[in-house]
Participant: 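Sharing a structure below in C-alpha cells format, with a few things to ask.
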Amino acid sequence: MRPERYNAREAEQKWQKIWAERGTFTTRNDDPRPHYYVLEMFPYPSGRIHMGHVRNYAMGDVVARYKRARGFNVLHPMGWDAFGLPAENAAMQSKLHPAKWTYANIDTMRAQLQSMGLSLDWSREVATCDVSYYKHQQKLFLDFLAAGLVARKKSKVNWDPVDQTVLANEQVIDGRGWRSGAVVEQRDLTQWFFKITDYAEDLLNALDTLDRWPEKVRLMQHNWIGKSEGLLVRFAVDRASVPKGVEAADEYEIYTTRPDTLFGAKFMAVAPDHPLAAAAAARDQKLAAFIEECKRIGTSIAAIETAEKKGYDTGIKVVHPFDPNWRLPVYVANFVLMEYGTGAIFGCPAHDQRDLDFVNAYVLGVTPVVCPPDADPATFTVTDKAYDGDGRMINSRFLDGMTPKEAFDEVARRLAAQMLHGRPQGKRQVNYKLRDWGISRQRYWGCPIPIIHCEACGAVPVPEKDLPVELPADVSFDAPGNPLDRHPTWKHVACPSCGRPARRETDTMDTFVDSSWYFARFTDPKNERAPTTPAIVNRWMPVDLYIGGVEHAILHLLYSRFFVRAMRRCGHIGMDEPFAGMFTQGMVVHETYRTRNGEWIAPADVKIESGPEGRKAFLIDGGAPIEIGPIEKMSKSKRNTVDPDDIIQTYGADTARWFMLSDSPPDRDVIWSEAGVQGAGRQAQRLWRLACEIERIVGGARPAMPAAFSEKALEIRRAAHGALARVEDDIEKLRFNVCIAAIYELGNALAAAVGAIDATPVADDLRFAFAEAGDILVQLFAPMMPHLAEECWEVLGHDGLVSEAPWPVCDRELIVTDTITIPVQVNGRKCADLTIERDADEEAVKAAALALDAVRRRIDNKPVKKVIVVPQRIVNVVV
RNA sequence: GCGGACGUGGCGAAACCGGUAGACGCAAGGGACUUAAAAUCCCUCGGCCUUUCGGCUGUGCGGGUUCGACUCCCGCCGUCCGCACCA
C-alpha cells in the first residue's frame, strides 16, 4: 500500500484543536515538578506577524516542548507590547481609535500565532494597553516614587514646531520632522525619570553573574554603563579675557579620564548647551548662531558624533592648573556632550583622536606627552593619529619619566592639595555614561503617569485608592499636540492633598516601562490586587531562557534588570536579575527584487528560474525580467517580505518552523528562500513516508525487547540512540541547525535500512529496532514539527499524544564502540585512517600507524623525528 | 564618531578544548521509473593536475606561534547591527 501524502493543513488544524481541548499546554502554578520558564520577547501588535516572529517563537517552542518532554513544568506564555506610536499614527491616518486598531491587530496576530501550533499557555495572555495590566504599572510607579527611585528633571527633546509634538530620533531626518518637514528644535522639558543610575555599579557588577547570557550582550551593557575613573578639575577663568557684558563665572569644572596628559592641553571646550556657552553667546551673535546650528543636529549621540568636529572660540581664556602664566582658549564644541561629566573638557590632541581632529582644524598645535615604549622622546611627534597607548611621560615637567598611571595619581594628589577659591582644585570622580531613564512621553497611547499637579502642593501622587488612572476613550487626533492635554475634562481634577482644582499629568510612560515587568506578570496574570504574587513569582523567576533580537540587547534588557531591582526594593519580587538565560537570535533576510525602472517587487510576484548559468528572475504577471538585488533585512519599504500566513497556507506551519530552524545558526541571520522552504516541505513528506513504512515493517503489535540483536538491528539502534544523544545536546545548546542535521542523518539511515528489507516477515529483533528507532525519530523532530509528529505518532500505533509523551531514554552504551577509526598524518597532512581498539595504548597505536602502507610510502625511508599520539584523536608522524 | 559582531564550495553551513576542512541541506549536472509530467529513488558535485593509484592547493588579505591553525597572537580589508523618544 502506498502511503498517501501528508496533508499539513488538515492535520495542523486537527491537532491544534486537540491540544486546545485537552489543555495540553496550560501550566498550573501548583504543579510540584521542577519548573522551567521559557519566554520569547512579546510582539508589538503592528498588524500581522512577520517571519522574525516565526523564527523567534519557533525557537522558544522547541525548548518549551523539549523541556516539557523531559518532565519539567514549563511556563511558556504570550502577550502583547501594545502601547506605542504606530497606533497613534494609524489613528491620524485612518481615523481609527488606537484601542480599536490595537485590539483588532491583536486578534489577527493571535490567530496567526495559533496557526503556528506553538505550545503556549494562552490563558495567561496579557496586553500592556489593558487597564488590568497598566493599573499595576501605575502602582509600581507610585511605589518607586515612594522608594526614592523617581526624579523630576529637565532634559532635551526634539520639538517639531508645526506638529507641536516631541519627535523620536528616528523621526528626525536631516534635522527636519518626518511628517511636517519643519526644522526641528531642541527644547528643555521637565520630565519624569527612573533613577537607574542609582544602580549603575550594581548593574555593572552583576553582569559577571549572568553566565548564561551571550558574551557580546554583557559586553555591550558593560560599555553602555560606561564606568570611568577620572578627575574633576576646576580651571580658573582669566578675568581679563572675558568680554564686557559676559557673565562668566570665576571658574569652570571639567571632567577628564586623562589628567596625566594635562601638560599636553591645548584648549578647553564646553558643550553648546553649557552655561558658559550661553553666557558668551549673549554678546556674540555668531556664537549664538553656532549654538543654534549645533542644536539642529538633534539629540541623538550618533548624529552629534558623526558630524564634522566644529568649534567656536569664545575668546575667554582659562588658567592652566599647574602654571599661572599658561592660558588655554575656551571653545564651544559640537562634540562635547552636556549629559556626560560636567559638559566641559580640556583637549589634549596628542592622545585623543577627537581632540586631534579638532585641533588640526583650528591650528592649535600638538605636544605629545606620552612617548610609546619603542619611540625616541626627542623625535616623537603626533600629526594625524592620536596615540592612546602606554609609555613614559615627556614634556610634562614634574611628571616626566612616569607611566601615565603614575602621572594620573600624581596629578590627582597635587590637585587635591592645591586650593582654588578656597577648595581643592581637583577631585577623583567615578563617572558613568549611563543616564537616568526618562520615561515621560507626550503621547496618548501609553500608560498614564499617576500624578496630579497642584499649584499649592506641587506634584502629588494619585492615591492608590484612585487607581487606575484610566485613559479617556473620547479623544481626537485631528489637531497637533497631545490629545490628553487638550481633552476637555480629563486632566481637571481636585488635588488629593488640598482639594483645590489641579490638573493631571498628561504625559504617559515610555513603552519600555510596559515591557520591563511583563515577564513577572505572566506568573500570575489574573491577580487583580497586586502586580505580582510574591510566592508565585519567586518560584518561577528568573526566566530560565529569554529569546529575542539583538536590537534589544541594551535598552530593554538593562531597563528590565533595573526594574526587577526596583520591584525587589518595593517587595514585589525576591530577586535582582530577571533573566538567568538569554539568547539573541538573528534576523530573517531576503533577496530584493527591482524592475528595470527601479520599482521594488515583492517576492510573491516574482518567478525564479535557475539553470547552470545561474538564477534569473521574472515578473509572474507578464514575464518581464527582474533584477535580483542584495539580500537585506525584510522590510516593507523594499517589499522583500514574505507573509507567514501565505507560507502556512501553502506548506503548513511545521514546514515554516522547520525551515526557520534548519539552515542557519540561530544567532545569525537566516536567508528566507522559496527553494529552502520547498526542501523543508519535502523533508516533512519524507518523514511521513518513513513513519508509514516503519509501521508496515513493525506491523501491529510491538515485540518485546529481545535478549540479543543481529548486527543489522544493532546498527539501527546505534543510529537512533546516537542521534538522540546529539539532539539532546544540541537543543540544550540551542544549536537547532546542527540538531536538524542529526535528524536528517537518522532519517537517511532509517530510509536506507527500510530499503534494505526485502522479505516482509521480519525477525523480532529487527522489528523491535525499527519500532524503537521510529519512535525516537518522531520524538526528535516533535519539538520542531509538532503536528507532523502527532500524525506519525498515531501511525506508529500510539494512543496518547507525542506532545505529552516523556522523552526517550538514551542508551549510551550503544553509542560507544569497541574500535575507533582515527586519522594518521605525516608532517601534519592526513594520509591514512587507522582502525584500532578504543583503549589501545600509545605504543600500540604508534606501531600500528607506522605499519600502514600509505604512511610508510609517505615517510619514504626518511628518519622519523617524532610521533605525536593524541589518544582517540589523531596520530602525527614528523619526519 | 563610539561600541558590538561577522567573513569557510555556486549557496546556507558543520568542524566539541589547537587534531581528518566542507557533516547536513539547497542549487546544479547525469541516470532510473513514467506515454508524458509531477512525485520518488540512485550517482556526481571546492579548485588544479592525473587514464587509474594518487598528488598539489584551499577557510577575506598579510605576517607570526605550533609536530599540527577555520580555531591562538599581531596588522589590514570588507559587510552588518546598536547608540538612550521605533519597538
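First the proteins, then the strands, lettered A, B, ... as listed; each starts at 1.
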Participant: Quick check on C49(B): syn or anti? Syn means the glycosidic torsion is within 90 degrees of zero.
Facilitator: anti
Participant: What about the rings of Phe583(A) and Tyr546(A), do their centers lie closer together than 6.0 Å?
Facilitator: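 Ring centroids of Phe583(A) and Tyr546(A) are no less than 6.0 Å from each other.
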Participant: Rounding to the closest angstrom, what is the interatomic distance between U59(B) and G9(B) at atom P?
Facilitator: 9 Å
Participant: Given G1(B), A39(B), A5(B), which nucleotide is nearest the side-chain atoms of Lys216(A)?
Facilitator: A5(B)
Participant: Any donor-acceptor pair under 3.5 Å between the side chain of Glu170(A) and the base of C85(B)?
Facilitator: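 Answer no: no donor N or O sits under 3.5 Å from an acceptor.
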Participant: If every non-hydrogen atom of Met634(A) is compared with every non-hydrogen atom of Asn640(A), which pair is closest and at what distance?
Facilitator: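 It is CG-O, 3.3 Å.
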Participant: Can you identify which nucleotide, out of C81(B), C67(B), G1(B), has its nearest atom closest to the Met587(A) side chain?
Facilitator: C81(B)
Participant: Mind checking who U40(B) pairs with, Watson-Crick or G-U wobble, both distances under 3.5 Å?
Facilitator: A32(B)
Participant: Under a 3.5 Å cut-off for both contacts, is A69(B) paired Watson-Crick or G-U wobble with anything, and if yes, with which nucleotide?
Facilitator: none
Participant: Could you please name the option among G19(B), G1(B), A87(B) that lies closest to any side-chain atom of Arg873(A)?
Facilitator: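 So the nucleotide nearest the side chain must be G19(B).
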Participant: Taking atom types as they are modelled, would you say the side chain of Gln191(A) forms a donor-acceptor pair with the base of C85(B) within the 3.5 Å cutoff?
Facilitator: yes
Participant: Under a 3.5 Å cut-off for both distances, is G7(B) Watson-Crick or wobble paired, and to whom?
Facilitator: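 C77(B) is the nucleotide pairing with G7(B).
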Participant: Are the side chains of Leu746(A) and Asn748(A) in touch, meaning some heavy atoms are under 4.5 Å apart?
Facilitator: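 SC-SC contact between Leu746(A) and Asn748(A) ruled out.
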Participant: Distance between the C1' atoms of C80(B) and G31(B), in whole angstroms?
Facilitator: 43 Å
Participant: Under 4.0 Å between any heavy atoms, over every strand shown, what does Ala675(A) touch: base, sugar-phosphate, or nothing? Just pick one.
Facilitator: sugar-phosphate
Participant: Using the C1' atom as the point on both nucleotides, what is the distance between A37(B) and A32(B), in whole Å?
Facilitator: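 Roughly 16 Å separates the two C1' atoms.
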Participant: Does Ile740(A) reach the side chain of Leu661(A), with side-chain heavy atoms less than 4.5 Å apart?
Facilitator: yes
Participant: Do NZ/NE/NH1/NH2 and the carboxylate oxygens of Asp507(A) and Arg441(A) come within less than 4.0 Å?
Facilitator: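 Not counted as a salt bridge, because no side-chain N and carboxylate O are separated by less than 4.0 Å.
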Participant: Starting at the 5' end of RNA chain B, which residue's closest nucleotide do you reach first, Thr299(A) or Phe42(A)?
Facilitator: Thr299(A)
Participant: In whole Å, what separates the C1' atom of A21(B) from that of G47(B)?
Facilitator: 14 Å
Participant: What does Asn223(A) touch in the nucleic acid at a heavy-atom separation under 4.0 angstrom: a base, only the sugar-phosphate, or nothing?
Facilitator: sugar-phosphate
Participant: Using Watson-Crick or G-U wobble geometry with both distances under 3.5 Å, which nucleotide pairs with G58(B)?
Facilitator: none
Participant: Write down the protein N/O and nucleotide N/O pairs, taken from nucleotides 11-15 of chain B, whose separation is under 3.5 Å; answer none if there are no such pairs.
Facilitator:
residue	atom	partner	partner atom	Å
G12(B)	O2'	Ser664(A)	OG	2.8
A14(B)	OP1	Asn737(A)	ND2	3.2
A15(B)	OP1	Arg735(A)	NH1	2.9
A15(B)	OP1	Arg735(A)	NH2	2.6

Participant: Look at Arg354(A) and G1(B) and indicate whether a side-chain polar atom (N or O) is within less than 4.0 Å of OP1 or OP2.
Facilitator: no
Participant: I want to check one thing: is the phosphate of A87(B), taken as OP1 and OP2, less than 4.0 Å away from some side-chain N or O of Thr511(A)?
Facilitator: yes
Participant: Taking salt bridge (Lys or Arg N to Asp or Glu O under 4.0 Å) as the criterion, tell me which of Lys153(A), Lys154(A), Lys156(A) meets it with Asp188(A).
Facilitator: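 Checked Lys153(A), Lys154(A), Lys156(A) against Asp188(A); only one passes salt bridge (Lys or Arg N to Asp or Glu O under 4.0 Å): Lys156(A).
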Participant: Taking A27(B) as the reference, what is the distance to U20(B) when you measure between their P atoms (whole Å, please)?
Facilitator: 30 Å
Participant: For Trp224(A), report the nucleic acid contact type (base, sugar-phosphate, nothing); a contact means any heavy atom under 4.0 Å.
Facilitator: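 It contacts base atoms.
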Participant: Using the P atom on both, measure C49(B) against C42(B) and round to a whole Å.
Facilitator: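 Comparing P positions in C49(B) and C42(B) gives a spacing of 32 Å.
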Participant: With both distances under 3.5 angstrom, what nucleotide forms a Watson-Crick or G-U wobble pair with G1(B)?
Facilitator: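 When the pairing criteria are applied, C83(B) turns out to be the nucleotide that pairs with G1(B).
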Participant: Is Lys295(A) paired with Glu185(A) through a side-chain N to carboxylate O contact shorter than 4.0 Å?
Facilitator: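 A salt bridge is absent here (no side-chain N lies under 4.0 Å from a carboxylate O).
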Participant: Whom does U52(B) pair with, Watson-Crick or G-U wobble, provided both distances fall under 3.5 Å?
Facilitator: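 Pairing partner: none.
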Participant: So, is Asn748(A) near the phosphate of G25(B), with a side-chain N or O under 4.0 Å from OP1 or OP2?
Facilitator: yes
Participant: Any strand counts, and the cut-off is 3.5 Å on both contacts for Watson-Crick or G-U wobble. Which nucleotide pairs with A13(B)?
Facilitator: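 A13(B) is unpaired by these criteria.
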Participant: Would you indicate whether the side-chain heavy atoms of Arg354(A) and Asp357(A) approach each other to under 4.5 Å?
Facilitator: no
Participant: Which nucleotide in the list A84(B), G19(B), C85(B) gets nearest to the side chain of Val870(A)?
Facilitator: G19(B)
Participant: Between G19(B), C26(B), A84(B), which nucleotide has the shortest distance from any of its atoms to the side chain of Arg686(A)?
Facilitator: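 Nearest listed nucleotide: C26(B).
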Participant: When you compare G19(B) with C2(B), how far apart are their P atoms, in angstrom units rounded to a whole number?
Facilitator: 36 Å
Participant: With rounding to whole Å, what would you report as the distance between U8(B) and A14(B) at their P atoms?
Facilitator: 11 Å
Participant: Nearest nucleotide by nearest heavy atom, which residue falls closer to the 5' end of RNA chain B, Ile822(A) or Asn169(A)?
Facilitator: Ile822(A)
Participant: For the residue pair Cys129(A) and Trp445(A), establish whether any side-chain heavy-atom pair is separated by less than 4.5 Å.
Facilitator: yes
Participant: Determine whether the aromatic ring centres of residues Tyr199(A) and Trp437(A) are separated by less than 6.0 angstrom.
Facilitator: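 Between Tyr199(A) and Trp437(A), which both carry aromatic rings, the centre distance is not below 6.0 Å.
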Participant: Can you tell me which nucleotide in U20(B), C81(B), A5(B) comes closest to the side chain of Pro823(A)?
Facilitator: U20(B)
